[in-house]
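Worksheet: one structure, shown below.
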Amino acid sequence: MQRLQDKLQEELAEFLVAEHVSAQVEELADVLEVVHALARHLGFTPAELDVVRVQKAMGRGAFQQRTVWTGNA
């Protein structure tokens, strides 16, 4: 599990410094691959993980409007 967590941090760091959209998309694909591997490690399929994602988006909203709640000021 630790190796996957380290890999996730590595891929996220690469995404954050990617300068072009094509490189960003490739890095996001790598991040997603690691997320799927983490889900499988926890006993969930990528499809089951997506169900949880959709449920959370429906209950709490998603980032479609680029709004992120940062807490009460």
Side-chain angles (χ1 to χ4, degrees):
M1 175 89 154
Q2 185 60 51
R3 178 66 184 119
L4 288 172
Q5 291 172 336
D6 293 344
K7 187 65 175 172
L8 181 59
Q9 288 181 324
E10 174 191 324
E11 297 299 345
L12 179 58
E14 290 175 2
F15 166 76
L16 292 173
V17 299
E19 295 184 11
H20 301 286
V21 172
S22 60
Q24 291 170 333
V25 169
E26 286 189 23
E27 295 306 333
L28 281 177
D30 291 344
V31 168
L32 189 57
E33 187 64 34
V34 177
V35 168
H36 286 172
L38 282 163
R40 285 189 296 271
H41 179 78
L42 295 172
F44 294 89
T45 67
E48 290 169 325
L49 179 63
D50 203 47
V51 167
V52 174
R53 181 194 62 80
V54 169
Q55 289 173 341
K56 286 188 74 171
M58 288 175 29
R60 297 183 185 175
F63 301 109
Q64 293 175 349
Q65 311 248 325
R66 297 184 183 173
T67 302
V68 178
W69 183 71
T70 58
N72 296 330

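- L28 and L12 end up in the same hydrophobic cluster when Ile, Leu, Val, Met, Phe, Trp and Tyr side chains are linked at under 4.5 Å.
- Considering only heavy atoms from C-beta on, Q55 stays 4.5 Å or farther from M58 through its side chain.
- Among the candidates K7, Q9, R3, M1, the single residue satisfying the side chain to side chain contact (heavy atoms under 4.5 Å, CB included) test with Q5 is M1.
- In summary, R53 and D50 engage in a salt bridge, as defined by a charged side-chain N under 4.0 Å from a carboxylate O.
- With values rounded to the nearest 0.5 angstrom, H36 atom NE2 is found 13.0 Å from L4 atom CG.
- E48 and G43 get closest at one heavy-atom pair: OE1-O, 4.1 Å.
- By the rule that hydrophobic residues join a cluster once side-chain heavy atoms approach within less than 4.5 Å of another member, L42 and V34 end up as members of one cluster.
- Sorted by first and then second residue, the salt bridge (Lys or Arg N to Asp or Glu O under 4.0 Å) pairs involving residues 15-28 (not counting sequence neighbours) form an empty list.
- A single hydrophobic cluster is seen to contain both L38 and V31, as judged by linkage of ILVMFWY side chains at heavy-atom distances under 4.5 Å, directly or through other members.
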